[in-house]
Number of protein chains: 2
Amino acid sequence: MATKGTEHAPLTPAVLHILLVLSTGERHGYGIMKQVEVDSQGKTKMGPGTLYGSIGRMMEAGLIRESDRRVDSQMDDERRVYYEITAVGQAALEAELRRYRRVVAVAEGRIAYGG
Amino acid sequence: MATKGTEHAPLTPAVLHILLVLSTGERHGYGIMKQVEVDSQGKTKMGPGTLYGSIGRMMEAGLIRESDRRVDSQMDDERRVYYEITAVGQAALEAELRRYRRVVAVAEGRIAYGG
DNA sequence: TTGACATGTATCCGTAACGGATATACTATC
DNA sequence: GATAGTATATCCGTTACGGATACATGTCAA
């Protein structure tokens with residue numbers, strides 16, 4: 001489904017969720033995984049395969065990058081690798097959210113929807 | 001990304017668009033293709049590979065079925081194959097729309113979004 | 001003290017989906 | 001008679017998904 005306007009759209013649910021988490025600040029992989037569960041009210045679970053696979057592709061695409069910053073060196077785990085969203089990632093996130101809204105708007109003009 | 005609650009979620013954009021079109025009544029393949037373009041304001045184009053591939057998978061999953069009805073036998077093209085949404089498809093559509101809304105709601109609590 | 005569980009990163013690999021290219025055929029229009 | 005639109009359909013290379021698996025550390029309870 002070729003989508004015009006943005007070169008990254010449409011994003012996969014996994015990529016969108018990761019961008020959504022990182023829009024609040026840098027996080028490490030495992031933290032992203034847990035936050036996705038919170039964001040989806042426990043309805044969606046991202047396994048390590050999807051997580052690190054997506055992260056790799058997103059870094060290659062320039063949507064995210066590794067971050068130097070450590071939130072708290074005292075409370076920090078040495079193993080952690082932090083990621084942050086890039087300007088490209090922000091743009092892709094906003095474009096995808098516009099697409100989501102458009103879809104919901106179209107649906108609302110059509111079906112009775114108790115949501 | 002395992003999603004709990006519905007066995008078909010999350011739907012791919014192609015499948016969601018097809019269900020959205022069929023929620024207004026039966027359509028033939030080519031008509032679906034054209035309506036997706038309208039629904040997305042020309043931003044998304046579905047090629048025949050995605051269309052018929054998705055239709056096949058959706059019929060197998062019981063989301064849609066072939067329809068006997070012809071809207072107008074006078075204006076009809078013999079080649080056309082009409083499809084209609086099933087109860088299972090309706091449920092999957094509504095579940096996916098709830099997911100879409102949830103994502104948008106989460107995003108609204110986070111980033112400035114002009115859309 | 002050992003067994004289970006959470007944290008943390010990472011790869012492997014079978015399966016599913018995407019999607020452009022291609023094929024075929026009819027109709028209309030220039 | 002050539003181009004474009006309508007209409008269905010398959011092929012197949014590439015991408016993405018996602019459970020299984022691996023491995024190391026820390027914690028907490030039986």
Donor-acceptor contacts, no H, no angles, side chain residues 47-66 of chain B, under 3.5 Å, sequence neighbours left out:
unit_1	atom_1	unit_2	atom_2	d
Ser54(B)	OG	Thr50(B)	O	2.7
Arg57(B)	NE	Gly53(B)	O	3.4
Arg65(B)	NH1	Glu84(B)	OE2	3.0

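For the pair Leu51(A) CG and dT11(C) P, the interatomic distance rounds to 12 Å; values are reported in whole Å. Rounded to whole Å, atom C1' of dT9(C) lies 14 Å from atom NZ of Lys34(A). Taking atom CE of Met46(A) as the reference point, atom P of dT9(C) lies 12 Å away to the nearest angstrom. Rounded to an integer number of Å, the gap from CE of Met59(B) to C1' of dA17(C) is 17 Å. In this structure, Ile32(A) places its CD1 atom 15 Å from P of dT7(C), rounding to the nearest Å. Rounded to an integer number of Å, the gap from Glu37(A) CD to dG8(C) P is 14 Å. In this structure, Tyr82(A) places its OH atom 11 Å from C1' of dG8(C), rounding to the nearest Å. Arg57(A) has its CZ atom 14 Å from the C1' atom of dA10(C), to the nearest Å.
Here CD1 of Ile18(A) is found 11.5 Å from CG of Asp39(A). Values are rounded to the nearest 0.5 Å.
For Arg80(A) against dT9(C), no side-chain N or O and base N or O form a donor-acceptor pair under 3.5 Å.
A sub-4.0 Å separation between OP1 or OP2 of dT9(C) and a side-chain N or O of Tyr52(A) is present. At dC17(D), one or more side-chain N or O atoms of Thr12(A) fall inside 4.0 Å of OP1 or OP2 (strictly under the cut-off). Dashed line: the shortest gap from a side-chain N or O of Ser54(A) to OP1 or OP2 of dC17(D) is under 4.0 Å. One finds no side-chain N or O of Thr50(B) lying less than 4.0 angstrom from the OP1 or OP2 phosphate oxygen of dA17(C). Remark: Tyr30(B) is not in phosphate contact with dT8(D), judged by side-chain N or O atoms under 4.0 Å from OP1 or OP2.
What you find for Val21(A) and Thr24(A) is that their closest heavy atoms are O-OG1, 2.8 Å. The two atoms that bring Ser23(B) and Leu20(B) nearest to each other are OG-O, 2.6 Å, heavy atoms only.
In this structure, of dC26(C), dC17(D), dA9(D), it is dC26(C) that holds the atom nearest to the side chain of Arg79(B).
Nearer the 5' end of DNA chain C, as judged by each residue's closest nucleotide, is the contact made by Gly31(A), out of Pro10(A) and Gly31(A). Comparing Gly49(B) and His28(B) along DNA chain D, the residue whose closest nucleotide (by nearest heavy atom) sits nearer the 5' end is His28(B). DNA chain D is contacted by both Met33(B) and Gly47(A); Met33(B) maps to the nucleotide lying nearer its 5′ end (nearest heavy atom per residue).
When side chains are defined from C-beta on, Leu16(A) counts as touching Tyr100(A), because their heavy atoms get closer than 4.5 Å.
Using a 4.0 Å heavy-atom distance criterion, Gly29(B) is classed as a sugar-phosphate-only contact.
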